[in-house]
Each structure stands twice: as structure tokens, then as C-alpha cells.
Amino acid sequence: MMQAGGNSRETWGSKIGFILAAAGSAIGLGNIWRFPYVLGESGGFAFLIVYIACVLLIGLPIMSAEMVIGRGSGRNPVGAFRVLLPGTPWWLAGAVGLLTGVIILAYYTVVAGWTLAYLYESATGLINSFNTAEAAQQAFDRFVGNSGLVVFFHFLFTVLCILVVSQGVKGGIERWSKILMPTLFLLLLLLIGRSLTLPGSGEGLKFLFKPDFSKISGEVILLAMGQAFYSLSLGMGVMITYGSYLDKRTNLFSSTGTVALLDMTIAILAGVAIFPAVFAMGLEASSGPGLTYVALPLVFSKLPFGAVLSTFFFLLLSIAALTSAISLLEVMVSFATDELKWVRSRATVIMAATAFLLGVPAALSFGVWSEVKVFDLTFFNLYDFLTANILLPIGGILIALFAGWAWKKGAEQEMMQGSTQKTLFRVWLWTVRIVAPIAVGAILISNLL
Ligand code: TRP
């Protein structure tokens, strides 16, 4: 009962701590294994311009909307809608977010588990002796096919999330974000230094950045919008939850701008760390697991001190995954402490265990349950499809409509605290009212077709 009421609620210790935690949520696997490939394949600098426009038109407005809902209510996503417009069905938007969060966490921790396994194997020198792409692929297939091992690392990663989140907002999430995010940045710089000094690395830069405006089509614009939305962790209430721990003096506009800038910078730098090395080794560009668990281990195998570089890379990837996963867990924990009045430690363990169990079928999707399908998809692919393509866009639209129409007066009052730019507010209001719902609606429809 000690957690009841808004007064005893924790707050961030500093603005930079909050920004690093929010950036930690945004910076995840999407920045490292997806953005660089999409950038290179979809027009280089030309794509970058489109992407920046999407961040400005959709990303920033929706992120601000989430933060303003969070700070205005001082609650978790379900409680937030209930406090701001009591007696209306808007709380369902928060409930959808909560559900989405559990499902994302379930499969995100599976991939994070693979990453931990590769980190362990890199550090102990078990991988990085591949001669061919086939050998690297076989090693990956063998590993993900070993369901016992995959579930073990899935479990281990879940325990890491529990350790951080059970320590609270300031003492856990903020403290670890302040350690992990600079570490991630440093590791990235080290890998960039190595990648760029390899002979033939220029090809990789050309792949990434060479402007090709002929690639920009309606489809590519939708791709950029979807990537911006996913990369900023929008649509399920992470930023509502993190915003609920904000004090009233913090300027919401400048905070969201900084988070988006950090997210994009790391995504671009990840490309600079990865593709010059991939091209220097004569390999082809790819994305997803094929890039991180097959092509890169082969690259590291061919380099002097490859085991060290490989360890750095998988440490970086583990950090990126961890700071995203804890934000997902915190959404559920804030719900349990606010609404169910559980103490934090209990909430953390029960919520993490729920996501872990839900994740087990996803962990088995590459092994013993590879033939078990729902709607023709393995559990892993089902979770991914359902959340990224359907639930997150629905959540995003609801959040934008809520902030722009249903709760507009309150949003204005809340947003003007810590900021005085009336014009900026107007621009924001019309983007969340019209532009963002239409754009995210278009993403949703194209995903469904
Ligand atoms: N932004 C994360 C990434 O780039 C993925 C993600 C999407 C996410 N939605 C989220 C992470 C919600 C945490 C919470 O990989």
C-alpha cells in the first residue's frame, strides 16, 4: 500500500539520466541490424532525408504525445488514460500497449539471449574460426536449433532485466543507462576505427550513403515511416511510462529532440561500423540475424584480434537489447505497482516471468517447434508480425488521437510547462491531430495488405 498515490512516485534523478534511459529504449536491435541495411538498400542519403522527415513528422510528435500523457498523469499507460479522462474507454489504448509490451519483451529476450550466447562464445574464443559463410551459417543454425541452450540464455537475459528493474527507476534503470549508454557509444567508436581502416572499406561507405533518388517510392516512404516509428519505441507506452517519472520543469520538446537525434546517430554509426568491414571482406550486405550472427562472425574470423572485436560487438548488441528490454519490463512493472499496488520486487519478478514463459514458444521456434505454426507463422514470427506490424501502429494512432483531440486542453497545459513556445505547440497539435494518424494509418494498412 505504500506505493499508492502520486506523491510517493519515484522521479528521475537528472534530465540526462532520463534522456539516456529513453534513448536506451529507442536504441536497440532495430538500429544495428536493420536501419543500416535499409539505408543502403533504399537510396543512401536520399533515404536519410526521407527518414529525417519521418522522424520530424511522426516520430517527434508521437513521442511528445506519449511523454505529455505520462507526465500529465504520473501513471502507467493504463492508469494514465484513466486519470486523464475518467469514465471513458480510452484506457483500452493503454491496455493494448501493455499487451504489446509483453509480446515484444517475450521475443526480444530470445534474440537478446542469442546475443549473450555469442558474447560468451566470442569471449571464450569458441566462434570466430569460420572459413566460409556456410560454416558460420551452420554454426548459427546448430545453436538456434539447440532449444535447451536457447531457453537457458533467454532465461539468463530475463534475469539481467529483473536485476536492473527491481532496483527502481533512479537506482536501477537510470543508473544502468548512465553506465551502459556511454559504454555502447565507446564500443561503437572502437569498431568504427577498425572498420574504416580496413583496405577496401570505402565500398561500404558508398553502399551506405551514395544518394540514389530513383529509389524513393511510396513503398520506401512507408518503410522509412515504419522504421522511424519502431526505432523510437513508440506506440505502446514506453514513453508514457518514462514520462510519468519526469518533473514538471523539463522541456518536453527538447528532450524528445535529443532522444531522436541520439537514436538516429547511433543507427548511422552502426552502419559505419558494420558495412565497411563487411565489404572489405568481400561479403554482401544483409540485415537481421543473417548479418549479426552469420556475416559478422565471418568478418571477425578473418581479422587479427577478431575474438576481441567480436566480443566488443556482441557486448554492444547485448547492451542495446538490455536497455530496450528494461523499458518494456518497466511498463508492466509500473502498471502492477500503480494499479495492482504490488511492491516493485514482486511486480518485476512476476511480470518478467510472464514474458519469459510467453517467450519460450518463440525460443523453440528455431528448434523443436519449428513446424508449429499459427496463421502459417512460427511463434517467433507471429509475435514479431503481430506487434511491429499491427499492434504498435494501432497504439500509435490511438495515442495521437487522444493527445490531439480527446485530451487537447490538458495536453496544452501540460506541454507548456517547462516550455513557452506557443507556435511549436500549434505545430505539434496539428501533426498529432492529422498528419501522424494518417501516416501511421497508411503504415498499418500497407502492413495488412
Ligand atoms: N526501438 C527498439 C529497437 O530499435 C525496438 C522497439 C520497438 C522497442 N518498440 C519498442 C523497444 C518498445 C522497447 C520498447 O530495436
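Both counts, for ligands and for their atoms, begin at 1 and track the order of listing. Heads up: numbering here begins at 1 and tracks the sequence.
For Trp176, the CH2 atom is loosely surrounded, since the number of other residues' heavy atoms within 6.0 Å does not exceed 12. Crowding of Trp91 atom CH2: a count of heavy atoms from other residues, nucleotides or ligands under 6.0 Å not exceeding 12.
Two rings, from Phe153 and Trp114, have their centers 6.0 Å or more apart. For Trp407 and Phe81, the ring centers are positioned 6.0 Å apart or more. In summary, the aromatic rings of Phe385 and Phe375 are positioned with their centroids too far apart to meet the 6.0 Å limit.
Ligand 1 has an N or O atom lying under 3.5 Å from an N or O atom of Leu29, backbone or side chain. For Leu234, no nitrogen or oxygen atom sits less than 3.5 Å from a nitrogen or oxygen atom of ligand 1, counting backbone and side chain alike. Backbone and side-chain nitrogen or oxygen atoms of Ser324 are examined, and none is located within less than 3.5 angstrom of a nitrogen or oxygen of ligand 1. For ligand 1, the polar-atom distance check finds an N/O of Gly30 within less than 3.5 Å of one of the ligand's N/O atoms.
Considering every non-hydrogen atom in both Lys170 and Gly13, the closest pair reads CG-N, 3.7 Å.
In this structure, atom 2 (C) of ligand 1 lies nearest to the protein heavy atom Ala26 O, 3.6 Å. For atom 6 (C) of ligand 1, the closest heavy atom belonging to the protein is Tyr230 O, 3.7 Å.
Using a 4.0 Å cut-off to heavy atoms of Asn31, the atoms of ligand 1 that qualify are 4 (O). Of all atoms in ligand 1, numbered sequentially from 1 with element shown, those under 4.0 Å from a heavy atom of Met236 are 12 (C).
The closest heavy-atom contact to atom 12 (C) of ligand 1, among the options Ala388, Ser233, Gly395, comes from Ser233.
Only the side chain of Ser327 comes within 4.0 Å of ligand 1, counting heavy atoms alone; its backbone N, CA, C and O stay farther away.
A 4.5 Å side-chain heavy-atom check between Trp428 and Met415 finds at least one atom pair inside the cut-off.
Ligand 1 has no atom lying under 4.0 Å from any heavy atom of Phe35.
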